[in-house]
Enquirer: 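Can you keep this structure in mind? I'll have questions shortly.
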Amino acid sequence: MTILWLILVTAEIYKLKIDSPITPPVAEYITQGIERANSHNAKLVIITIDTPGGLDESMRNINKAILASKIPVVAYVYPSGARAASAGAFIAMACHILAMAPGTSIGACHPVAIGTQMDSVMVKKTANDAAAYLKSLAEIRGRNTKWAEEAVFEAKSSSSEEAKALRVADLIVKTEDELLDSLTGRLVKIDKERVCTLSLEKPYKIHEVRMGFREKLLTILSNPNIAYILLVLGFYGLLFELSNPGSIFPGVAGVICIILAFYALQTLPVNYAGLALMFVSIAFFILEIFIQPSGILATGGVISFILGSLLLFKGGHMFRVSKTLVLSAALLTALFFFWVVRAGIKTFFLRPKTGSEGLIGEKGIAKTKIDRKGGTCFVHGELWNARSETPIEAGEEVKIIKVEGLTIWVEKCENS
(Lines give C-alpha, C1' and ligand atoms only; values in the text may rest on other atoms or scores of the structure.)
Protein backbone atom coordinates (compact mmCIF):
# COMPACT_ATOMS: atom_id res chain seq x y z
CA MET A 1 0.00 0.00 0.00
CA THR A 2 1.37 3.41 -0.98
CA ILE A 3 1.14 6.28 1.49
CA LEU A 4 1.69 9.85 0.28
CA TRP A 5 3.46 12.34 2.56
CA LEU A 6 3.41 16.11 2.07
CA ILE A 7 6.52 17.91 3.23
CA LEU A 8 5.52 21.39 4.35
CA VAL A 9 6.96 24.66 3.11
CA THR A 10 8.77 25.29 6.39
CA ALA A 11 10.80 22.13 5.96
CA GLU A 12 13.80 21.49 8.17
CA ILE A 13 16.77 20.18 6.22
CA TYR A 14 19.88 18.62 7.73
CA LYS A 15 23.12 18.99 5.84
CA LEU A 16 26.14 16.68 6.35
CA LYS A 17 29.51 16.61 4.58
CA ILE A 18 32.01 13.91 3.55
CA ASP A 19 35.20 15.57 2.33
CA SER A 20 37.87 13.11 3.48
CA PRO A 21 38.58 9.36 3.31
CA ILE A 22 35.79 7.34 4.90
CA THR A 23 36.99 6.15 8.30
CA PRO A 24 35.24 5.18 11.57
CA PRO A 25 35.07 8.81 12.83
CA VAL A 26 33.45 9.91 9.55
CA ALA A 27 31.00 7.00 9.76
CA GLU A 28 30.12 7.95 13.33
CA TYR A 29 29.53 11.57 12.33
CA ILE A 30 27.28 10.68 9.36
CA THR A 31 25.24 7.99 11.14
CA GLN A 32 24.66 10.23 14.16
CA GLY A 33 23.64 13.09 11.85
CA ILE A 34 21.08 10.92 10.06
CA GLU A 35 19.72 9.59 13.36
CA ARG A 36 19.48 13.13 14.72
CA ALA A 37 17.57 14.31 11.64
CA ASN A 38 15.12 11.41 12.04
CA SER A 39 14.64 12.03 15.77
CA HIS A 40 13.89 15.72 15.12
CA ASN A 41 11.36 14.87 12.38
CA ALA A 42 13.38 16.67 9.73
CA LYS A 43 12.10 16.47 6.17
CA LEU A 44 15.34 15.89 4.30
CA VAL A 45 19.02 15.02 4.75
CA ILE A 46 21.63 16.20 2.24
CA ILE A 47 25.09 14.62 2.24
CA THR A 48 27.65 16.47 0.12
CA ILE A 49 30.32 14.04 -1.04
CA ASP A 50 33.89 14.55 -2.17
CA THR A 51 35.97 11.52 -1.25
CA PRO A 52 38.52 9.16 -2.81
CA GLY A 53 37.00 6.23 -0.91
CA GLY A 54 37.72 4.57 2.39
CA LEU A 55 37.11 1.55 4.56
CA ASP A 56 34.46 -1.00 3.64
CA GLU A 57 33.16 -1.43 7.20
CA SER A 58 32.76 2.31 7.73
CA MET A 59 30.96 2.65 4.38
CA ARG A 60 28.54 -0.16 5.26
CA ASN A 61 27.77 1.44 8.63
CA ILE A 62 26.82 4.66 6.85
CA ASN A 63 24.68 2.79 4.34
CA LYS A 64 22.83 0.95 7.12
CA ALA A 65 21.84 4.33 8.57
CA ILE A 66 20.75 5.60 5.13
CA LEU A 67 18.68 2.51 4.37
CA ALA A 68 17.05 2.65 7.81
CA SER A 69 16.21 6.35 7.51
CA LYS A 70 12.52 7.27 7.63
CA ILE A 71 13.18 10.49 5.71
CA PRO A 72 14.79 10.99 2.29
CA VAL A 73 18.57 11.17 2.12
CA VAL A 74 20.11 13.01 -0.85
CA ALA A 75 23.70 12.45 -1.98
CA TYR A 76 25.17 15.52 -3.68
CA VAL A 77 28.59 15.08 -5.31
CA TYR A 78 29.80 18.65 -4.96
CA PRO A 79 31.57 20.99 -5.78
CA SER A 80 32.78 20.83 -9.38
CA GLY A 81 35.87 18.65 -9.51
CA ALA A 82 34.66 16.50 -6.61
CA ARG A 83 34.32 12.73 -6.81
CA ALA A 84 32.41 9.91 -5.19
CA ALA A 85 34.97 7.18 -5.74
CA SER A 86 35.11 3.65 -4.37
CA ALA A 87 33.34 3.62 -0.98
CA GLY A 88 31.98 7.08 -1.75
CA ALA A 89 30.12 5.65 -4.77
CA PHE A 90 28.52 2.96 -2.59
CA ILE A 91 27.22 5.65 -0.22
CA ALA A 92 25.90 7.75 -3.09
CA MET A 93 24.12 4.74 -4.60
CA ALA A 94 22.48 3.96 -1.25
CA CYS A 95 20.86 7.39 -1.01
CA HIS A 96 17.28 7.95 -2.10
CA ILE A 97 18.35 10.68 -4.57
CA LEU A 98 21.74 11.05 -6.22
CA ALA A 99 22.63 14.51 -7.52
CA MET A 100 25.92 15.61 -9.05
CA ALA A 101 27.46 18.96 -9.83
CA PRO A 102 28.88 19.52 -13.34
CA GLY A 103 32.48 18.36 -13.63
CA THR A 104 32.21 15.66 -10.96
CA SER A 105 32.61 11.88 -11.23
CA ILE A 106 31.47 8.66 -9.61
CA GLY A 107 32.65 5.04 -9.72
CA ALA A 108 35.96 3.14 -9.52
CA CYS A 109 34.51 0.68 -7.01
CA HIS A 110 36.87 -2.27 -7.44
CA PRO A 111 37.85 -3.44 -3.93
CA VAL A 112 41.46 -3.04 -2.84
CA ALA A 113 43.20 -5.36 -0.39
CA ILE A 114 44.11 -3.66 2.87
CA GLY A 115 46.54 -4.97 5.43
CA THR A 116 47.11 -8.32 3.65
CA GLN A 117 47.88 -9.67 0.21
CA MET A 118 44.96 -11.47 -1.49
CA ASP A 119 45.36 -14.38 -3.89
CA SER A 120 43.33 -14.57 -7.11
CA VAL A 121 40.54 -16.58 -5.49
CA MET A 122 40.13 -14.10 -2.64
CA VAL A 123 40.22 -11.15 -5.06
CA LYS A 124 37.43 -12.78 -7.07
CA LYS A 125 35.34 -13.46 -3.96
CA THR A 126 35.77 -9.91 -2.69
CA ALA A 127 34.92 -8.40 -6.08
CA ASN A 128 31.81 -10.58 -6.42
CA ASP A 129 30.66 -9.58 -2.94
CA ALA A 130 31.19 -5.88 -3.66
CA ALA A 131 29.43 -6.14 -7.03
CA ALA A 132 26.45 -7.91 -5.49
CA TYR A 133 26.21 -5.26 -2.79
CA LEU A 134 26.40 -2.30 -5.19
CA LYS A 135 23.94 -4.01 -7.55
CA SER A 136 21.47 -4.52 -4.70
CA LEU A 137 21.71 -0.82 -3.81
CA ALA A 138 21.08 0.09 -7.44
CA GLU A 139 18.03 -2.20 -7.52
CA ILE A 140 16.60 -0.66 -4.35
CA ARG A 141 16.91 2.85 -5.78
CA GLY A 142 15.92 1.93 -9.35
CA ARG A 143 19.33 2.70 -10.86
CA ASN A 144 21.44 1.05 -13.56
CA THR A 145 22.52 -2.38 -12.23
CA LYS A 146 24.78 -3.09 -15.21
CA TRP A 147 26.78 0.05 -14.48
CA ALA A 148 27.05 -1.04 -10.83
CA GLU A 149 28.66 -4.33 -11.90
CA GLU A 150 31.04 -2.58 -14.31
CA ALA A 151 32.02 -0.07 -11.59
CA VAL A 152 33.25 -3.00 -9.49
CA PHE A 153 34.60 -5.54 -11.99
CA GLU A 154 36.05 -3.01 -14.45
CA ALA A 155 36.57 -0.10 -12.02
CA LYS A 156 34.38 1.99 -14.33
CA SER A 157 34.06 5.68 -13.48
CA SER A 158 31.60 8.10 -15.06
CA SER A 159 31.30 11.84 -15.35
CA SER A 160 28.18 13.58 -14.10
CA GLU A 161 26.73 13.81 -17.62
CA GLU A 162 27.43 10.14 -18.37
CA ALA A 163 26.07 9.08 -14.98
CA LYS A 164 22.85 10.97 -15.66
CA ALA A 165 22.51 9.41 -19.12
CA LEU A 166 23.12 5.91 -17.72
CA ARG A 167 20.48 6.31 -14.98
CA VAL A 168 23.07 6.35 -12.22
CA ALA A 169 22.62 9.98 -11.17
CA ASP A 170 19.16 11.48 -10.83
CA LEU A 171 20.03 15.16 -11.18
CA ILE A 172 22.78 17.47 -12.37
CA VAL A 173 22.65 20.78 -10.50
CA LYS A 174 25.21 23.53 -10.05
CA THR A 175 24.35 24.76 -6.56
CA GLU A 176 22.60 23.67 -3.39
CA ASP A 177 19.75 26.13 -3.98
CA GLU A 178 19.25 24.70 -7.45
CA LEU A 179 19.23 21.23 -5.93
CA LEU A 180 16.48 22.13 -3.47
CA ASP A 181 14.43 23.81 -6.21
CA SER A 182 14.78 20.68 -8.38
CA LEU A 183 13.60 18.44 -5.55
CA THR A 184 10.33 20.34 -5.05
CA GLY A 185 7.38 18.21 -6.11
CA ARG A 186 9.53 15.13 -6.63
CA LEU A 187 8.25 11.71 -5.57
CA VAL A 188 10.74 9.81 -3.43
CA LYS A 189 10.39 6.13 -2.61
CA ILE A 190 11.43 5.59 1.02
CA ASP A 191 10.82 1.84 1.03
CA LYS A 192 8.40 -0.68 -0.47
CA GLU A 193 5.38 0.83 1.27
CA ARG A 194 6.17 4.53 1.62
CA VAL A 195 6.52 7.29 -0.92
CA CYS A 196 6.86 10.97 -0.10
CA THR A 197 6.26 14.06 -2.18
CA LEU A 198 8.85 16.74 -1.58
CA SER A 199 7.60 20.32 -1.27
CA LEU A 200 10.62 22.45 -0.45
CA GLU A 201 9.51 25.92 -1.38
CA LYS A 202 11.23 28.75 0.43
CA PRO A 203 11.65 29.61 3.21
CA TYR A 204 13.18 26.43 4.52
CA LYS A 205 15.50 25.96 7.46
CA ILE A 206 18.87 24.29 6.90
CA HIS A 207 20.75 22.77 9.85
CA GLU A 208 24.39 22.34 8.86
CA VAL A 209 25.66 19.57 11.13
CA ARG A 210 29.37 19.93 11.68
CA MET A 211 31.75 17.47 13.23
CA GLY A 212 32.16 17.92 16.97
CA PHE A 213 35.57 18.34 18.58
CA ARG A 214 35.77 14.61 19.29
CA GLU A 215 35.02 13.59 15.70
CA LYS A 216 37.42 16.21 14.34
CA LEU A 217 40.18 15.02 16.66
CA LEU A 218 39.59 11.37 15.74
CA THR A 219 39.50 12.28 12.04
CA ILE A 220 42.85 14.07 12.36
CA LEU A 221 44.30 11.09 14.21
CA SER A 222 43.00 8.78 11.48
CA ASN A 223 45.21 10.53 8.94
CA PRO A 224 47.99 7.98 8.23
CA ASN A 225 50.66 10.69 8.25
CA ILE A 226 49.51 11.95 11.67
CA ALA A 227 49.33 8.38 13.01
CA TYR A 228 52.85 7.74 11.74
CA ILE A 229 54.21 10.94 13.30
CA LEU A 230 52.62 10.05 16.66
CA LEU A 231 54.10 6.56 16.48
CA VAL A 232 57.58 7.89 15.72
CA LEU A 233 57.40 10.59 18.41
CA GLY A 234 56.22 7.98 20.91
CA PHE A 235 59.18 5.75 20.09
CA TYR A 236 61.59 8.68 20.35
CA GLY A 237 60.16 9.68 23.74
CA LEU A 238 60.54 6.17 25.14
CA LEU A 239 64.04 5.79 23.73
CA PHE A 240 65.16 9.09 25.23
CA GLU A 241 63.67 8.14 28.60
CA LEU A 242 65.44 4.76 28.53
CA SER A 243 68.76 6.32 27.58
CA ASN A 244 68.36 9.11 30.18
CA PRO A 245 66.42 7.60 33.11
CA GLY A 246 64.68 10.16 35.29
CA SER A 247 63.99 12.69 32.52
CA ILE A 248 60.24 12.03 33.07
CA PHE A 249 58.83 14.40 30.40
CA PRO A 250 60.07 12.44 27.33
CA GLY A 251 58.69 9.23 28.81
CA VAL A 252 55.28 10.74 29.62
CA ALA A 253 55.02 12.42 26.19
CA GLY A 254 56.13 9.21 24.51
CA VAL A 255 53.47 7.11 26.26
CA ILE A 256 50.72 9.60 25.33
CA CYS A 257 51.83 9.64 21.68
CA ILE A 258 51.98 5.82 21.59
CA ILE A 259 48.43 5.54 22.99
CA LEU A 260 47.07 8.05 20.46
CA ALA A 261 48.96 6.26 17.68
CA PHE A 262 47.46 2.91 18.69
CA TYR A 263 43.97 4.43 18.50
CA ALA A 264 44.75 5.76 15.03
CA LEU A 265 46.11 2.38 13.94
CA GLN A 266 42.85 0.62 14.80
CA THR A 267 40.99 2.96 12.45
CA LEU A 268 43.42 2.40 9.57
CA PRO A 269 44.32 -0.59 7.36
CA VAL A 270 47.51 -1.64 9.13
CA ASN A 271 49.97 -4.08 7.62
CA TYR A 272 51.15 -5.95 10.69
CA ALA A 273 54.40 -6.97 9.01
CA GLY A 274 55.27 -3.27 8.70
CA LEU A 275 54.29 -2.62 12.32
CA ALA A 276 56.41 -5.59 13.47
CA LEU A 277 59.41 -4.23 11.55
CA MET A 278 59.04 -0.89 13.32
CA PHE A 279 58.97 -2.61 16.71
CA VAL A 280 62.05 -4.63 15.71
CA SER A 281 63.82 -1.39 14.77
CA ILE A 282 63.05 0.06 18.20
CA ALA A 283 64.37 -3.12 19.85
CA PHE A 284 67.61 -2.76 17.89
CA PHE A 285 67.93 0.89 18.94
CA ILE A 286 67.37 0.05 22.61
CA LEU A 287 69.97 -2.72 22.47
CA GLU A 288 72.37 -0.26 20.83
CA ILE A 289 71.92 2.04 23.82
CA PHE A 290 72.53 -0.58 26.50
CA ILE A 291 75.16 -2.65 24.70
CA GLN A 292 78.57 -1.22 23.84
CA PRO A 293 77.82 0.81 20.66
CA SER A 294 79.20 -0.76 17.50
CA GLY A 295 76.84 0.61 14.86
CA ILE A 296 75.63 -2.79 13.63
CA LEU A 297 72.39 -2.81 15.64
CA ALA A 298 71.72 0.86 14.83
CA THR A 299 72.20 0.17 11.11
CA GLY A 300 69.80 -2.78 11.30
CA GLY A 301 67.37 -0.57 13.20
CA VAL A 302 67.42 2.14 10.53
CA ILE A 303 66.84 -0.42 7.76
CA SER A 304 63.96 -2.03 9.68
CA PHE A 305 62.56 1.44 10.42
CA ILE A 306 62.47 2.43 6.74
CA LEU A 307 60.99 -0.89 5.56
CA GLY A 308 58.40 -0.89 8.34
CA SER A 309 57.40 2.70 7.54
CA LEU A 310 56.87 1.93 3.86
CA LEU A 311 54.86 -1.21 4.62
CA LEU A 312 52.89 0.18 7.60
CA PHE A 313 49.63 0.98 5.75
CA LYS A 314 47.97 -0.49 2.69
CA GLY A 315 44.72 0.05 0.84
CA GLY A 316 45.30 2.75 -1.72
CA HIS A 317 47.05 6.09 -1.87
CA MET A 318 44.75 7.71 0.71
CA PHE A 319 46.16 5.34 3.35
CA ARG A 320 49.84 5.63 2.44
CA VAL A 321 52.38 7.54 4.50
CA SER A 322 54.18 10.28 2.60
CA LYS A 323 57.54 8.99 1.36
CA THR A 324 59.06 12.38 2.14
CA LEU A 325 57.92 12.01 5.74
CA VAL A 326 59.31 8.46 5.93
CA LEU A 327 62.70 9.47 4.53
CA SER A 328 62.88 12.53 6.82
CA ALA A 329 62.10 10.44 9.91
CA ALA A 330 64.60 7.77 8.85
CA LEU A 331 67.30 10.37 8.22
CA LEU A 332 66.76 12.00 11.63
CA THR A 333 66.82 8.58 13.29
CA ALA A 334 70.01 7.60 11.48
CA LEU A 335 71.72 10.88 12.39
CA PHE A 336 70.67 10.54 16.04
CA PHE A 337 72.01 7.02 16.40
CA PHE A 338 75.13 7.85 14.39
CA TRP A 339 75.80 10.48 17.04
CA VAL A 340 75.10 7.95 19.82
CA VAL A 341 77.39 5.34 18.25
CA ARG A 342 80.14 7.90 17.59
CA ALA A 343 79.97 9.13 21.18
CA GLY A 344 80.05 5.53 22.44
CA ILE A 345 83.08 4.59 20.35
CA LYS A 346 84.87 7.77 21.40
CA THR A 347 84.19 6.94 25.04
CA PHE A 348 85.47 3.40 24.50
CA PHE A 349 88.93 4.74 23.61
CA LEU A 350 89.15 7.24 26.47
CA ARG A 351 91.52 6.37 29.28
CA PRO A 352 89.71 5.49 32.54
CA LYS A 353 89.58 8.32 35.08
CA THR A 354 88.69 6.27 38.17
CA GLY A 355 89.67 2.96 39.78
CA SER A 356 93.00 1.22 39.50
CA GLU A 357 93.06 1.70 35.71
CA GLY A 358 92.76 5.44 36.28
CA LEU A 359 96.05 5.52 38.24
CA ILE A 360 98.19 4.15 35.43
CA GLY A 361 100.20 6.95 33.85
CA GLU A 362 99.64 9.35 36.76
CA LYS A 363 102.66 11.11 38.28
CA GLY A 364 103.70 11.56 41.91
CA ILE A 365 106.64 12.30 44.25
CA ALA A 366 108.72 9.64 46.05
CA LYS A 367 108.51 10.26 49.82
CA THR A 368 111.15 7.65 50.63
CA LYS A 369 113.62 5.63 48.69
CA ILE A 370 111.77 3.14 46.44
CA ASP A 371 113.16 -0.17 45.15
CA ARG A 372 111.92 -3.73 44.69
CA LYS A 373 111.58 -4.15 48.44
CA GLY A 374 109.25 -1.18 48.72
CA GLY A 375 108.89 2.47 49.64
CA THR A 376 106.24 5.17 49.61
CA CYS A 377 105.18 7.89 47.19
CA PHE A 378 102.61 10.71 47.15
CA VAL A 379 99.98 10.53 44.34
CA HIS A 380 96.63 12.40 44.10
CA GLY A 381 97.02 13.69 47.63
CA GLU A 382 97.41 10.15 48.99
CA LEU A 383 100.37 8.19 50.32
CA TRP A 384 100.83 4.88 48.49
CA ASN A 385 103.05 1.82 49.06
CA ALA A 386 105.26 1.65 46.00
CA ARG A 387 107.85 -0.56 44.37
CA SER A 388 110.26 -0.03 41.49
CA GLU A 389 112.49 -2.22 39.32
CA THR A 390 115.22 0.42 39.60
CA PRO A 391 116.07 2.38 42.75
CA ILE A 392 114.44 5.81 43.06
CA GLU A 393 115.62 8.39 45.58
CA ALA A 394 113.30 10.37 47.83
CA GLY A 395 111.98 13.58 46.25
CA GLU A 396 112.23 12.35 42.67
CA GLU A 397 109.21 12.47 40.35
CA VAL A 398 107.73 9.08 39.51
CA LYS A 399 105.11 7.68 37.11
CA ILE A 400 102.79 4.79 37.88
CA ILE A 401 103.09 1.86 35.45
CA LYS A 402 101.16 -0.89 37.22
CA VAL A 403 98.77 -1.44 40.12
CA GLU A 404 98.73 -4.60 42.24
CA GLY A 405 96.08 -4.39 44.93
CA LEU A 406 97.12 -1.55 47.28
CA THR A 407 100.66 -1.41 45.92
CA ILE A 408 101.73 0.55 42.90
CA TRP A 409 104.73 -0.02 40.68
CA VAL A 410 106.47 3.12 39.53
CA GLU A 411 109.37 4.29 37.43
CA LYS A 412 111.40 7.45 37.51
CA CYS A 413 110.24 10.15 35.13
CA GLU A 414 112.69 10.85 32.34
CA ASN A 415 112.78 14.56 33.02
CA SER A 416 113.21 14.07 36.77
Enquirer: Step by step, work out the side chain to side chain donor-acceptor pair (under 3.5 Å) result for Trp147 and Ser158.
Expert: CA-CA 9 Å; Trp147 181 91; Ser158 298; 2.8 Å; yes
Enquirer: Can you check whether Val73 reaches Ile46 side chain to side chain, under 4.5 Å on heavy atoms?
Expert: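 Side chain of Val73 against side chain of Ile46, heavy atoms only: no contact under 4.5 Å found.
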Enquirer: When you measure from the side chain of Thr104 to the backbone N and O of Ala82, does any donor-acceptor pair fall under 3.5 Å?
Expert: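 Pair absent, no side-chain N/O of Thr104 close to backbone of Ala82.
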Enquirer: Under the 3.5 angstrom rule, does the side chain of Thr175 hit a backbone N or O of Glu178 as a donor-acceptor pair?
Expert: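 Yes.
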Enquirer: In the structure I gave you, are the side-chain heavy atoms of Thr48 and Leu16 within less than 4.5 Å of one another anywhere?
Expert: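 In short, these two side chains do not touch, never coming nearer than 4.5 Å.
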Enquirer: Less than 6.0 Å separating the ring centroids of Phe305 and Phe284?
Expert: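 Ring-ring flag for Phe305/Phe284: false, centres at least 6.0 Å apart.
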Enquirer: Please check: side-chain N/O of Ser304 versus main-chain N/O of Gly301, any donor-acceptor pairing under 3.5 Å?
Expert: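 Here the side-chain-to-backbone pair does not exist.
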Enquirer: I want to check a possible cation-pi pair here: Arg60 against Tyr133, using under 6.0 Å from ring centre and within 45° of the ring axis as the test.
Expert: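 Yes; both conditions hold, so Arg60 lies above the ring face of Tyr133.
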Enquirer: Evaluate the side-chain proximity of Asn128 to Phe153: yes if any heavy-atom separation is below 4.5 Å, no if none is.
Expert: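 Heavy-atom side-chain distance check passes, below 4.5 Å.
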Enquirer: For a 4.5 angstrom cut-off between non-hydrogen side-chain atoms, does Thr299 reach Ile303?
Expert: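 They are in side-chain contact.
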Enquirer: Keeping Ser281 on the side-chain end and Met278 on the backbone end, is there a donor-acceptor pair under 3.5 Å?
Expert: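 Checked: pair present.
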Enquirer: With heavy-atom distances below 4.5 Å as the criterion, would you say the side chains of Leu171 and Leu98 are in contact?
Expert: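 Side chain of Leu171 against side chain of Leu98, heavy atoms only: no contact under 4.5 Å found.
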Enquirer: So Ile13 and Lys205, do their side chains get closer than 4.5 Å, heavy atoms only?
Expert: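 No, too far: nothing below the 4.5 Å cut-off.
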Enquirer: Stepwise, does the side chain to side chain donor-acceptor pair (under 3.5 Å) test hold for Ser69 with Asn38?
Expert: CA-CA 7 Å; Ser69 176; Asn38 278 267; 3.2 Å; yes
Enquirer: Can Arg210 and Glu215 be counted as an ion pair, charged N to O under 4.0 angstrom?
Expert: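 Not counted as a salt bridge, because no side-chain N and carboxylate O are separated by less than 4.0 Å.
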Enquirer: Sub-3.5 Å donor-acceptor pair from the side chain of Thr31 to the main-chain atoms of Ile62, do we have one?
Expert: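 No; judged by distance alone, with no hydrogens or angles, the pair does not exist.
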Enquirer: Hey, are Glu162 and Lys164 close enough for a salt bridge, meaning a charged N less than 4.0 Å from a carboxylate O?
Expert: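 Looking at Lys164 together with Glu162, the answer is no, because their closest N to O distance does not fall below 4.0 Å.
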Enquirer: Got a donor-acceptor contact below 3.5 angstrom from the Asn385 side chain to the Thr376 backbone?
Expert: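 No, Asn385 side chain to Thr376 backbone: no donor-acceptor pair under 3.5 Å.
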Enquirer: For residues Ala89 and Gly107, report the shortest heavy-atom separation together with the two atoms involved.
Expert: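 Closest heavy-atom pair between Ala89 and Gly107: CB-N, 3.9 Å.
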Enquirer: Looking at Glu139, I'd like to know if its CD atom is crowded, meaning that more than 12 non-hydrogen atoms belonging to other residues, nucleotides or ligands lie closer than 6.0 Å.
Expert: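 Result for CD/Glu139: enclosed.
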Enquirer: Out of Leu383, Ile408, Ile365, which residue meets the side-chain contact (heavy atoms from CB on, under 4.5 Å) rule with Cys377?
Expert: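 Between Cys377 and the candidates, side-chain contact (heavy atoms from CB on, under 4.5 Å) is satisfied uniquely by Ile408.
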Enquirer: If you apply the rule side chain to side chain contact (heavy atoms under 4.5 Å, CB included), what do you find for Met93 with Leu134, and how did you get there?
Expert: CA-CA 7 Å; Met93 291 288 279; Leu134 190 60; 3.7 Å; yes
Enquirer: Could you give me the CA-CA distance, side-chain angles and deciding distance for Lys135 and Glu149, then say whether salt bridge (charged side-chain N to carboxylate O under 4.0 Å, His left out) is met?
Expert: CA-CA 6 Å; Lys135 183 178 178 180; Glu149 291 181 329; 3.4 Å; yes
Enquirer: Please report the closest heavy-atom contact between Ser20 and Thr219, naming both atoms and the distance.
Expert: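 Of all heavy-atom pairs spanning Ser20 and Thr219, the closest is OG-CG2, 4.4 Å.
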Enquirer: Heavy atoms only: give me the nearest Ala101-Ser80 pair and the separation to one decimal.
Expert: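 Closest approach of Ala101 to Ser80, heavy atoms only: CB-N, 4.2 Å.
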Enquirer: If we ignore hydrogens and angles and just use 3.5 Å, is the side chain of Arg143 paired with the main-chain N or O of Val168 as donor and acceptor?
Expert: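 Pair found, side chain donor or acceptor close to backbone of Val168.
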Enquirer: Determine yes or no for a side-chain-to-main-chain donor-acceptor pair under 3.5 angstrom, with Ser159 supplying the side chain and Ser105 the backbone.
Expert: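 Here the side-chain-to-backbone pair does not exist.
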Enquirer: Test salt bridge (charged side-chain N to carboxylate O under 4.0 Å, His left out) on Lys70 and Glu35 and set out the steps.
Expert: CA-CA 9 Å; Lys70 305 300 182 182; Glu35 290 170 359; over 6 Å; no
Enquirer: Before giving the answer on side chain to side chain contact (heavy atoms under 4.5 Å, CB included), spell out for Val209 and Tyr29 the whole-Å C-alpha distance, their side-chain angles and the decisive distance to 0.1 Å.
Expert: CA-CA 9 Å; Val209 181; Tyr29 155 67; 4.1 Å; yes
Enquirer: Side chain of Tyr263, backbone of Leu218: donor and acceptor closer than 3.5 Å?
Expert: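 Answer holds: no.
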Enquirer: So which atom in His40 and which in Glu12 form the shortest heavy-atom distance, rounded to 0.1 Å?
Expert: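 Shortest heavy-atom separation between His40 and Glu12 comes out as O-OE1, 4.2 Å.
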Enquirer: Rounded to the nearest 0.5 Å, how far apart are CZ of Phe378 and NZ of Lys367?
Expert: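 Taking CZ in Phe378 and NZ in Lys367, the distance rounds to 6.5 Å.
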Enquirer: Determine, step by step, whether Leu180 and Leu44 satisfy the side chain to side chain contact (heavy atoms under 4.5 Å, CB included) criterion, reporting the C-alpha distance in whole Å, the side-chain angles of both residues, the deciding distance to 0.1 Å, and the verdict.
Expert: CA-CA 10 Å; Leu180 294 175; Leu44 186 69; 4.1 Å; yes
Enquirer: In sequence, state the C-alpha distance, the side-chain angles, and the governing distance for Ile400 and Val379, and then conclude on side chain to side chain contact (heavy atoms under 4.5 Å, CB included).
Expert: CA-CA 9 Å; Ile400 301 173; Val379 181; 3.9 Å; yes
Enquirer: Considering only NZ, NE, NH1 and NH2 on the basic side and carboxylate oxygens on the acidic side, decide whether Arg141 and Asp170 come within less than 4.0 Å.
Expert: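 Between Asp170 and Arg141 there is no salt bridge, as every charged N stays at least 4.0 Å from the carboxylate O atoms.
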Enquirer: How many angstroms lie between CG in Asn61 and CD1 in Ile91, if you round to the nearest 0.5 Å?
Expert: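 It comes to 10.0 Å.
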Enquirer: First locate atom OG of Ser86, then atom CD1 of Ile106, and finally report the distance between them rounded to the nearest 0.5 Å.
Expert: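 Interatomic distance, Ser86 OG to Ile106 CD1, rounded to 0.5 Å: 11.5 Å.
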Enquirer: Can you check salt bridge (charged side-chain N to carboxylate O under 4.0 Å, His left out) on Arg372 and Glu389, steps first, answer last?
Expert: CA-CA 6 Å; Arg372 290 188 60 82; Glu389 295 289 348; 2.4 Å; yes
Enquirer: Apply salt bridge (charged side-chain N to carboxylate O under 4.0 Å, His left out) to residues Glu404 and Arg387 and explain how you reach the verdict.
Expert: CA-CA 10 Å; Glu404 291 182 351; Arg387 293 184 180 182; 5.7 Å; no
Enquirer: Does Asp371 use its side chain to pair, donor to acceptor, with the backbone of Gly374 at less than 3.5 Å?
Expert: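 Looks like yes, one N/O pair under 3.5 Å.
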Enquirer: For a quick test of reading the model, state the closest non-hydrogen atom pair linking Ser160 to Pro102 and the distance between them.
Expert: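 Between these two residues, the closest heavy atoms are OG-CA, 3.8 Å.
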Enquirer: Mind listing the side-chain donor-acceptor pairs of residues 224-233 below 3.5 Å, one per line with the distance, residues two or more places apart or on another chain?
Expert:
unit_1 : atom_1 : unit_2 : atom_2 : d
Asn225 : OD1    : Ser322 : N      : 2.8
Tyr228 : OH     : Ser309 : OG     : 2.7

Enquirer: Does Glu397 pair with Lys412 as a salt bridge, N-O distance under 4.0 Å?
Expert: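 No, no charged N to carboxylate O under 4.0 Å.
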